[in-house]
*Asks:* 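Shown below is the structure under consideration.
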2 protein chains.
Amino acid sequence: MREFKKKARILLVDDNSEHLRGIKELITLETNYDIVGTTTSANIGINLVKKYRPEIVIMDVNLPEKDGLQAIQEIEKLGLDTRILVLSGYDDSDLIFRAMKIGARGYVLKTMSSAQLVYAIDEILAGKFYLPSALSSRFFDYFQQSFREENEASSEENLLTYLTSREEEVLELLTQGNNYKGIAGKLFISETTVKTHVNNIFQKLQVNDRTQAVLYALNNGFGKKVRAKISA
Amino acid sequence: MREFKKKARILLVDDNSEHLRGIKELITLETNYDIVGTTTSANIGINLVKKYRPEIVIMDVNLPEKDGLQAIQEIEKLGLDTRILVLSGYDDSDLIFRAMKIGARGYVLKTMSSAQLVYAIDEILAGKFYLPSALSSRFFDYFQQSFREENEASSEENLLTYLTSREEEVLELLTQGNNYKGIAGKLFISETTVKTHVNNIFQKLQVNDRTQAVLYALNNGFGKKVRAKISA
DNA sequence: ATTGATTTAAATCTTTGGATTGAGAAAAAT
DNA sequence: ATTTTTCTCAATCCAAAGATTTAAATCAAT
């Protein structure tokens, strides 16, 4: 199977040089892929990506000098079609989630079998994403958890529903940082009218000032936008 | 294999009664699971969930009266350990994403093989999540896309980095809707000092008032919190 | 030791924001 | 047809916010 695939170039980044050698050997022996470089430094790794533009980077996430996640983000920022497979010693949900969030195409543990690593590489080369079953479950648990509060909150009574359409327009402009003059200008109404609307908004949202009104709006799904509360 | 599993109870919700019968027959013949009910109505389905508390609900998402997603959300709100497997005619990324977001444990297409449906049920009963490979890729593409803008934005020059630690504390309190007096009280400093800090914050963030400062903070990942911009 | 940044504070002044009352016109609902 | 919302506007009035200047104490760094 694998012998018939086109030669893909792979870059290895891992601070453990022993592990680095092990993986290099594994890939050289068991696959037809090219290892275009190996390094224990995230920064050197980023430069090697720029230089060789490998199809895949296998990246350890706990590196000494620079955080592996940060390195992933910088590689993603280059806008190449280099795909990143995270290799980690930790099956921490938050780590998995953050890695996938910033653009990793897969995440495997260092304790996995060599066959699984090769499978992950093949899947990613085929344009897919790869998470082992256990990590996939962790990811989705975390993913759903991060939306749980939000879903519950939005199911509560939302004071925004009491606003008239005009008041919604005014609030929309408030959430864009406009003052009375700005809103009046944009809606072609007088400043005092805007004041009236804003005061009515305060009443309905049970807040004391524009900042609180804006915060209420943003935290309660105003403008058909929903925001997830996810610790970074 | 399946014959040794404990009998799980399954509820089917699908507006197409032919399809309903087909799946019922499939599950009855090929598995050891119990079909505790079938219905073409989302509302009846929700009531059946309350009554029978099935291990799994297989739910069509395009129902006539009530939106399938809404039905999922209502079932999730019950807080039971009923798991939902979405059955859909559409492999739309947004639909998959939203279904998983609100609590679905799996998503399979109506065009799939019967073996795949049984596999999905088994995986979900085992506490896992199940997305077929193609849908998994769609999900992750959409997932990463929803964070893309945010990552790019936060990789720009972030004016928040110019703030001193004290200014960050003040800004934090501003983002909670406090006025000068409130901030002064919470930080045990005078109101005029708060004004000084706030004015410095305005300078550094290049804004004109507290609302704009708060908006800048929230949109630039202030307070180690990141907010995803995901259309609901 | 001296520079530079940070935190604290006050005084002053201008502008903006917020509360309240009253009221006319138009649109929607009953 | 007539209530009821909604949208509009004005005039106050007071409180809060924002701009500006000046300055002392603390702390970190060279």
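These numbers come from a predicted model, not from an experiment.
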*Asks:* Heavy atoms under 4.0 Å, any strand shown: does A/Asn179 hit a base, just sugar-phosphate, or nothing?
*Replies:* sugar-phosphate
*Asks:* Angle between ring planes, A/Tyr142 versus A/Phe97, binned at 30° and 60°: parallel, tilted or perpendicular?
*Replies:* tilted
*Asks:* Take the protein atom NZ of B/Lys181 and the nucleotide atom P of D/dA15, then report the distance between them rounded to whole Å.
*Replies:* 10 Å
*Asks:* Does any donor atom in the side chain of A/Thr39 or A/Ser41 lie under 3.5 Å from an acceptor atom in the other side chain?
*Replies:* no
*Asks:* Please report, rounded to the nearest Å, how far the P atom of D/dA17 is from the CZ atom of B/Arg210.
*Replies:* 5 Å
*Asks:* Extract from the structure each pairing of a protein N or O with an N or O of nucleotides 2-8 of chain D at less than 3.5 Å, listing the distance.
*Replies:*
from	atom 1	to	atom 2	distance (Å)
D/dC7	OP1	A/Ser165	OG	3.3
D/dC7	OP1	A/Arg166	N	3.2
D/dC7	OP2	A/Thr164	OG1	2.3
D/dT8	OP1	A/Arg166	NE	3.2
D/dT8	OP1	A/Arg166	NH2	2.7
D/dT8	OP2	A/Arg166	NE	2.8
D/dT8	OP2	A/His197	NE2	2.9

*Asks:* Which of parallel (below 30°), tilted (30 to 60°) and perpendicular (above 60°) describes A/Phe140 and A/Phe143?
*Replies:* perpendicular
*Asks:* Which whole-number value in Å describes the distance from A/Asn199 CG to D/dC9 P?
*Replies:* 16 Å
*Asks:* Does either side chain, that of B/Thr193 or that of B/Thr196, offer a donor lying less than 3.5 Å from an acceptor on the other one?
*Replies:* no
*Asks:* Pairing donors with acceptors under 3.5 angstrom, does anything connect the side chains of A/Ser17 and A/Thr40?
*Replies:* no
*Asks:* Inspect the contact between A/Arg53 and A/Asp81 and indicate whether a charged nitrogen and a carboxylate oxygen are less than 4.0 angstrom apart.
*Replies:* no
*Asks:* Heavy-atom nearest nucleotide on DNA chain D for B/Lys195 versus A/Thr192: which residue maps closer to 5'?
*Replies:* A/Thr192
*Asks:* Could you state the atom-to-atom distance from CD of B/Gln203 to C1' of D/dG18 in whole Å?
*Replies:* 10 Å
*Asks:* Please determine if A/Glu169 and A/Arg166 form a salt bridge, counting it only when a charged side-chain N lies under 4.0 Å from a carboxylate O.
*Replies:* yes
*Asks:* Measure across A/Ala71 and A/Ala42 and return the closest heavy-atom pair with its distance rounded to 0.1 Å.
*Replies:* CB-CB, 4.1 Å
*Asks:* Need two values: the first and the last nucleotide of DNA chain C, 5' to 3', having an atom under 4.0 Å from any heavy-atom of chain B.
*Replies:* C/dT6 to C/dA10
